[in-house]
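Here's the structure, in structure tokens; my notes come after.
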Amino acid sequence: MKVGVVYYPEHWNRELWEKDADLMVETGVKVVRLAEFAWSRLEPVEGQYEFAWLDEAVEIFAKRDIEVILGTPTNCPPLWLYEKYPDAIQCDEHGNRVSIGVRGHRCYNSPSLIKKTIQIVTEMAKHYKDNKAVVSWQIDNELEAYHCTCPVCTDKFREWLKKKYTTLEKLNHTYGNVMWSGEYSSWSQITPPLGERQSWLNPAYLQDHYRYASESMVEFVKLQADIIRKYCNDVTITTNMYLGNMTPDFYKTFKELSYASYDNYPVVVIPKDHEEIYSHAFHLDLTRGIKRQNFCIMEQLSGALGCWMPIGRTPRPNMIKGYSLQAFARGADLVLNFRWRSATKGAEMFWHGILDHNNKLGRRYEEFRSLCHTVHEELQMLEGTTIRNKVALLFSHEQDNAFKFQQQSEGFHYYNQLKLFHDGVMRLGVGIDIINITEDLAQYEVVIAPTVYIASPEIVDNLTKYVQNGGKLILTNRSGVKDESNACIMDYLPGPFSSSVGAVVEEYDALGNDTNRICMENGKTYRCNQWADILQLETAQSLGTYMEDFYEGKSAITKNRYGAGEVYYVGTVLERDFYKDFMSDVIEGTSVETVKNLPDGVEVSVRENDTQKYRLLFNNTNDVQEVRMEDCETIVLQPFEFYVVR
Amino acid sequence: MKVGVVYYPEHWNRELWEKDADLMVETGVKVVRLAEFAWSRLEPVEGQYEFAWLDEAVEIFAKRDIEVILGTPTNCPPLWLYEKYPDAIQCDEHGNRVSIGVRGHRCYNSPSLIKKTIQIVTEMAKHYKDNKAVVSWQIDNELEAYHCTCPVCTDKFREWLKKKYTTLEKLNHTYGNVMWSGEYSSWSQITPPLGERQSWLNPAYLQDHYRYASESMVEFVKLQADIIRKYCNDVTITTNMYLGNMTPDFYKTFKELSYASYDNYPVVVIPKDHEEIYSHAFHLDLTRGIKRQNFCIMEQLSGALGCWMPIGRTPRPNMIKGYSLQAFARGADLVLNFRWRSATKGAEMFWHGILDHNNKLGRRYEEFRSLCHTVHEELQMLEGTTIRNKVALLFSHEQDNAFKFQQQSEGFHYYNQLKLFHDGVMRLGVGIDIINITEDLAQYEVVIAPTVYIASPEIVDNLTKYVQNGGKLILTNRSGVKDESNACIMDYLPGPFSSSVGAVVEEYDALGNDTNRICMENGKTYRCNQWADILQLETAQSLGTYMEDFYEGKSAITKNRYGAGEVYYVGTVLERDFYKDFMSDVIEGTSVETVKNLPDGVEVSVRENDTQKYRLLFNNTNDVQEVRMEDCETIVLQPFEFYVVR
Amino acid sequence: MKVGVVYYPEHWNRELWEKDADLMVETGVKVVRLAEFAWSRLEPVEGQYEFAWLDEAVEIFAKRDIEVILGTPTNCPPLWLYEKYPDAIQCDEHGNRVSIGVRGHRCYNSPSLIKKTIQIVTEMAKHYKDNKAVVSWQIDNELEAYHCTCPVCTDKFREWLKKKYTTLEKLNHTYGNVMWSGEYSSWSQITPPLGERQSWLNPAYLQDHYRYASESMVEFVKLQADIIRKYCNDVTITTNMYLGNMTPDFYKTFKELSYASYDNYPVVVIPKDHEEIYSHAFHLDLTRGIKRQNFCIMEQLSGALGCWMPIGRTPRPNMIKGYSLQAFARGADLVLNFRWRSATKGAEMFWHGILDHNNKLGRRYEEFRSLCHTVHEELQMLEGTTIRNKVALLFSHEQDNAFKFQQQSEGFHYYNQLKLFHDGVMRLGVGIDIINITEDLAQYEVVIAPTVYIASPEIVDNLTKYVQNGGKLILTNRSGVKDESNACIMDYLPGPFSSSVGAVVEEYDALGNDTNRICMENGKTYRCNQWADILQLETAQSLGTYMEDFYEGKSAITKNRYGAGEVYYVGTVLERDFYKDFMSDVIEGTSVETVKNLPDGVEVSVRENDTQKYRLLFNNTNDVQEVRMEDCETIVLQPFEFYVVR
């Protein structure tokens, strides 16, 4: 377990390099990431590669036993490249080349970009293959499955569809293109999505385009990884993910990479609304689940954020340290703070680093130094430990994408559906994995699969088999709506899940921001909104019913025995407390252990190896919290404080 | 009086067609609309027409005595047409072809589009001319006077202006183009409105462009209607109107068509704000007034709406049936519900039909079946009846268009001005026609003409003559502001109406969302906003005065004897209750009968023939309402219930 | 001191000209502005100049002893010019020519535009050089430093940079272009800012582009001024400024012009929120400070505003007169009301003039007539007087521009920082100058320099010297952040001001709309927001400390003796009342006289000459106010009333 920083030697005068490195050593930094955006320095003139400056920087760190992660610079080709090869620039939704001058303008599919990428990555790999200081590589930066509309991408998308559907007849039929006379009579009529009214476009077509765009990006990653692997032995390879609107399939992205990395920027201002779920534990669990193994935080919050938006609040005391420890607690083995020092030039100058523009040692620096000390001196027993949970929450890119262009109701957001369950389990002190919906589920006692909207046979089989073998499965509203082409299934909802749920949806009411209330069997009531499935029970028993509107008294939540297992169905979206109470009921009777009386916002996780188990506590609130665990004395946690219970 | 549905055989597997038709028969469906968007199936390859599938569908319905309305498919040319004839695509406000892939992208004026339209409509008309099942035709779909900027439209607009103004001198002078040196020195400098700052453009020019665009669209309708009429005897022809931002002149559109049709989607959630007028009675009366005869609802609300917006609430119980009956009550002779079954594919899948995607018979289906029964079994005595009112509200496209680019004050909206008066009259249980401002008014005892902003001689003469002959006329603020070129009249407001109003506007204050209060002669007070005309009385008497601001005590509302009639002037916009009280006073002393103590939201209308009169009640609220009519017992109406009093 | 109006003879029928002029004489109008947008009439065909109509208009006014200000018409080239020379049209952020048809579309740098400008201005100047009625010229209208992206502007910007930086190496280094590989390897890669994500662009580059764009505009003004001066003796030259998002450097703009002019549209609705500063005194003081001499209001509020927005409220009684007198009170020697009569045609028809469209004499006209009387009959003793203050507030285009693309926190706005101090001083009844930050400050006892973000050596020297010589200087948060290239200074904030402030910023917290509280030494407390500098005192003494958050008790406001003077530092943004109390404390002990118990919203200013001093009062509120001045009886002021105390 190590702490590091992101450093850009090329941003600073040469005389600062050693001073910075010396201070890093003193601070306890073990790893630096370099070269991420440095193409214009690595190849200032086409074909003329210059590594001397980077060699020097690597050497400075190597001498001080600081390991180096090298970035490939492909996020930002130099301006001469765009000028000479304009086809390397993405095209926008009107088919025009985008304005360059910021970052990330390259088109992954452009032959010129690919050629130049192969050259620069090959040169870098060959140059650093024997450099022992370079222990890992990061490909590009915060990759997106950008929807480029350039001629090359248009052709590639057509080829992709041709391969998938063989004939236009099949494609037209699958999409239902007859609607509005949208049938293709020639492949040449197909383009990537154009125009501004994308919510009016065919959802099957959009779904395919997202798949295609994601695959394109994965190919680009693989292209680079293959080159690095060809030349460099013993190095690991990753890329740094962030969650945006065009996030590619991260399971596929990281499949051939060594480990997952995530850029982690938790909230600085803890929201006052009880319904708002803010903990980054969700994102950390999601990142750990990508490869189902420990991971890296490639960029970690280090100061106030700003730049393209106004500057925000500065992190409260303990946040710099605490949020990093939270990441370690949930499976990180390496955390790099972004960045060593705030940039004094360029558009990113107000994305504050550990050190301020003034280069003085301040409050945040002191916290970071304390973090280094804690991790390297006090937490080394966690080295080699992993996290083993019995509850899983299933994520699915297919669902996430499908909901992007067909929002189900006012306020509906896929991630929120997941977070509500994640939070409910967390609040019980129970560890939870977030994994791909197609993964093997045998190890789990409880599996939560919210809104399985696109119910492909693969997904249905996986979940059904799990239940039949004795698992407890939780399903929700908007499941079984679509087949894998993103067309509606002509059957009662939840479609292929109906028999395992033991109930069908008689009718639904998209509540949006309007509300209804649910009364549970035990008399407890909860507010609900967004969606109301009105259930007609077959073999299932009702757990909760609506209290208002024309379907008052009708069932909203059910439980059904199926095979050797049980299926719960939650046909609406409820207030946050429901999920804690409900998951407590579901977990009861399994071997999963909960923590009684855990204060809200105090997070528990367990890292273990074959001999030891460490229970880790993190107070993700602004208040001092007292934890009274059954097997030990009362623990008092300051805001954002971290604590290890053996 | 008949109930039908919209059906798209081409969206469904062939084996469903008979099953669907059989169920329709059982349900009581009498009419279906087909083929509206089916160009890609009717002419899959240029010049190759395929009617076999449609013949088959028509035959299936014909066999079951279900009548067919055929749509011409020109809203959605096939992709091969756009590919081969790119000039058929509209251009946007920057002069660029729009992105196709949704619907309605055709340019009405494109020679290619016109040629292909003539061909497809001719082929269809010839093919179906002797098919007795086809009783009516619908041209295109929800036509808009789209502001295309393509070279053809640019030329056509120039020719239109040349014909109107003959010389640039006259055009420049009429528009006042000297402002900002905008004088045309060559016809080639004229374009359709370009750019995003259209509120900065000359209002006279914009008014002309709206006129031209509307006429272009009417020509396109006439082109198709002439072809159908040439080949088909005994069929009626219509098009389905909706009210959007680019609605063409519907009086001209329907002038040469057989009957008016409207796509009717009333609100699903009854608003709680008393000031919000939500009843679709306004739209139904407007549609009836287009040709001053009974009409058709071509698409009627059948389920939750969604697609390009998140899915909304499902219609409350009784809405499916009740809203259709409301349409019949206000003059519909045919209502087609949209659509038989929710689409399982394509972008419109969440615009829910009578049947859900699951194809099961649910709550909404049962209501629809009950509707069919009621209309066909219980209400046939209404066949042949019409609606004869003595109060009219005047609509004017000239005003509607002019207000679009010169909003008078924050919150001002032309339709709202009309709805306030319509609502006031409705709440008295009095029937009201909404007709074109240029229509003959002799039959009416009371005529309401809100905001006659553009006071052309034709309009002024029509209204003045009406009053002189003994009519009661209500005028409001923002009347007599402009001449027919949309230039301000250099005289006291209300300009040419001043003598009939018997008062002039000394000064005005555009209140916007700020408020003032009005005190009426009888001491009642009302909140007002949006506008305050400060009146200087000549022959008029004051009915209400301002209670606040520097014009406290000045008159806002007046009454004046003029010729054999009376003119009321309402110089501000008041809270909703004013309009009920005010209209009650105005109506008193006429032969118009009001219903005493009518609960809010219960609507009365009368359908009659030469021998019988049927009073129809509809409860357009969420609450049970009791109606105590003078001449009969108390009637209890459930929410959205309909009732016939003989 | 004179009152005039803006008049457009070309907008009206010829027979109105004399009638209008006669009424102006009767009303008391002394000056008219003509010809501002009249290029299409002055040169209807290329090279064919027609002055006859304008001669006639000038003659009509000359005969009646009304002076004429002539506008050059270059804001609006005629359509034939754009048609023949399309390069005269500006290009937008995507490099496309903008849509013409409104106004202000010309590109200042276009060779065609420059050529045609030289011709028209030369012709005008030659034609009117001997016309005694023409006393002054206005160049163009409301000039903006528009960001044109046409090829000519692109080249010119490159040349500008080449001249400034000589080499790309220096340019790249200054900008820090290495970030995101944005280094230019060829001059041809440089463009004006393109695309919609300008907040992502390099701030140093944006700052330079603003400088360049402003200089381009100033050149265009100088080009015209030189021509006029060449031909016309004894005329003054100005241009009419307004404050928009692309306001050029008005100090440079007016440097070679005779006097400053401003288009003055004060608020019509006095806001109810105490924190909202609405008085236009700020803008008037700013205008006076441009050339540090009396000025002109070229357009003054005369009626309700509307057009591209809905019509707003009409000016309350006394506003037409009172706001003009407020302008005179703060240094105007000439006020022209805009406009004589509301246009009846064209897009600007609802920007109401003194006369309404009806051409009748109304309330606003009567007020204007009374204004003319007051100014010409009662206030002539103010002729030749000026304003001499001892407190200065420093404005800086460099800061204003820099904050435009790097907003410091939610809610932060440069002008607001200035207005808070201006308001605080005003409320003490103390006169204040707003001048360029580079001006000589010797005459002032107190100087306020808010947010000196870009601390160029010139600015630092000017302020430091002032303090050393005994001045009292007030600095605030966000000072000393940047060097003149807009890069962060690598030192404790406030950077080069640290020693004079006697404290440094240990850390800052960008509060945005969140709040903290400040406790002053005297126990008074104030709410603060937007920004919190946490100060570490060296030689300074603390005046106020934070009451909340992790920096509770830390100093926010300080005072330091430096040289012969004192420096105050206000590290946060406080509620409005703070500034009054604080400035009272600062002013105490200087020779500056305050007015005790001045009611809020009553403004005091002093115009004086070598023998006389006139104290002028203006009630800028909706309420009657009583002023009890020490040296005279109680004065009762009606809303917007003006009063002279001798």
Side-chain angles (χ1 to χ4, degrees), chain B residues 93-95 172-186 188-189 191 193-197 199-206 405-412 481-483 485-493 495 504-512 514 531-532 534 549-550, chain C residues 8 10-13 16 36-46 73 75-83 96 98-104 141 269 303-314 316-318 341-350 356-360 362-364:
Chain B
E93 76 269 25
H94 298 293
N172 281 326
H173 181 259
T174 306
Y175 285 6
N177 276 338
V178 63
M179 231 250 319
W180 300 341
S181 276
E183 289 171 303
Y184 301 121
S185 51
S186 151
S188 61
Q189 291 156 6
T191 65
L194 291 172
E196 276 139 6
R197 300 199 296 164
S199 63
W200 287 74
L201 295 176
N202 188 301
Y205 155 76
L206 290 170
F405 29 86
Q406 290 194 309
Q407 199 186 352
Q408 295 299 292
S409 66
E410 200 79 54
F412 182 97
V481 178
K482 301 282 193 93
D483 65 22
S485 71
N486 206 1
C488 288
I489 295 171
M490 197 184 277
D491 197 358
Y492 272 127
L493 291 173
V504 296
V505 178
E506 200 175 294
E507 187 179 10
Y508 52 71
D509 190 13
L511 293 171
D514 295 345
W531 199 269
I534 303 164
D549 221 318
F550 69 88
Chain C
Y8 296 94
E10 68 276 24
H11 290 189
W12 305 107
N13 288 340
L16 276 172
E36 185 194 36
F37 290 123
W39 198 337
S40 72
R41 286 289 166 92
L42 295 170
E43 189 182 1
V45 174
E46 187 171 7
N75 187 277
C76 292
L79 298 180
W80 59 254
L81 195 155
Y82 287 136
E83 192 176 32
N96 305 317
V98 302
S99 297
I100 61 169
V102 183
R103 71 183 200 196
N141 171 61
V269 178
L305 307 185
C307 292
W308 21 97
M309 68 276 205
I311 303 173
R313 303 296 303 268
T314 194
R316 307 292 95 188
N318 277 341
R341 182 169 50 236
S342 312
T344 55
K345 294 179 180 181
E348 212 177 51
M349 56 172 66
F350 291 135
D356 275 322
H357 305 107
N358 60 21
N359 200 29
K360 309 291 184 187
R363 179 183 66 91
R364 301 197 310 282

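Everything quoted here is computed from the prediction, not taken from an experiment. Lettering of chains follows the sequences in order, A, B, ..., and the numbering in each one begins at 1.
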> Less than 4.0 Å between a side-chain N and a carboxylate O, is that true for Glu506(B) and Arg363(C)?
Replying inline: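 No, Arg363(C) and Glu506(B) are not salt-bridged.
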> Does the distance from a Lys or Arg side-chain N to an Asp or Glu carboxylate O, for Lys345(C) and Asp483(B), drop under 4.0 Å?
Replying inline: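 A salt bridge is absent here (no side-chain N lies under 4.0 Å from a carboxylate O).
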>> I'd like to verify something: which residue of Trp531(B), Tyr175(B), Trp200(B) has the highest number of heavy-atom pairs under 4.5 Å with chain C?
In response: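 Ranked by heavy-atom pairs under 4.5 Å with chain C, first place is Trp200(B).
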> Which of the residues Ser181(B), Gly176(B), Ser188(B), Gly195(B) is involved in the greatest number of heavy-atom pairs with chain C at under 4.5 angstrom?
Replying inline: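 Most pairs with chain C among the choices: Ser181(B).
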>> Using side chain to side chain contact (heavy atoms under 4.5 Å, CB included), reason through Asn13(C) and Met490(B) one step at a time and then give a plain yes or no.
In response: CA-CA 12 Å; Asn13(C) 288 340; Met490(B) 197 184 277; over 6 Å; no
>> Please classify the contact of Phe412(B) with chain C as side chain, backbone, both or neither, using a heavy-atom distance under 4.5 Å.
In response: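 No part of it gets close to chain C.
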Measuring heavy-atom distances to chain B, does [X] have an atom under 4.5 Å in its side chain, in its backbone, in both, or in neither?
X	answer
Tyr82(C)	neither
Ala38(C)	backbone
Leu305(C)	neither
Pro73(C)	neither
Glu348(C)	both
Glu10(C)	both

> Going through the checks in order, is the side chain to side chain contact (heavy atoms under 4.5 Å, CB included) test met by His94(B) and Asn96(C)?
Replying inline: CA-CA 10 Å; His94(B) 298 293; Asn96(C) 305 317; over 6 Å; no
> Under 4.5 Å between any side-chain heavy atoms of Met349(C) and Met179(B), yes or no?
Replying inline: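 A side-chain contact is absent here, since even the closest heavy-atom pair is not under 4.5 Å.
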>> I need the minimum non-hydrogen distance between Ala347(C) and Leu201(B), along with the two atoms involved.
In response: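 What the structure gives for the nearest pair is CB-O, 3.5 Å.
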>> Below 30° counts as parallel, above 60° as perpendicular, anything between as tilted: where do the rings of Trp180(B) and Phe37(C) land?
In response: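 Answer is perpendicular, since the angle exceeds 60°.
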>> Quick check for you: to the nearest 0.5 Å, what is the distance between Thr314(C) atom OG1 and Asp549(B) atom CG?
In response: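 Reported to 0.5 Å precision, the distance equals 10.0 Å.
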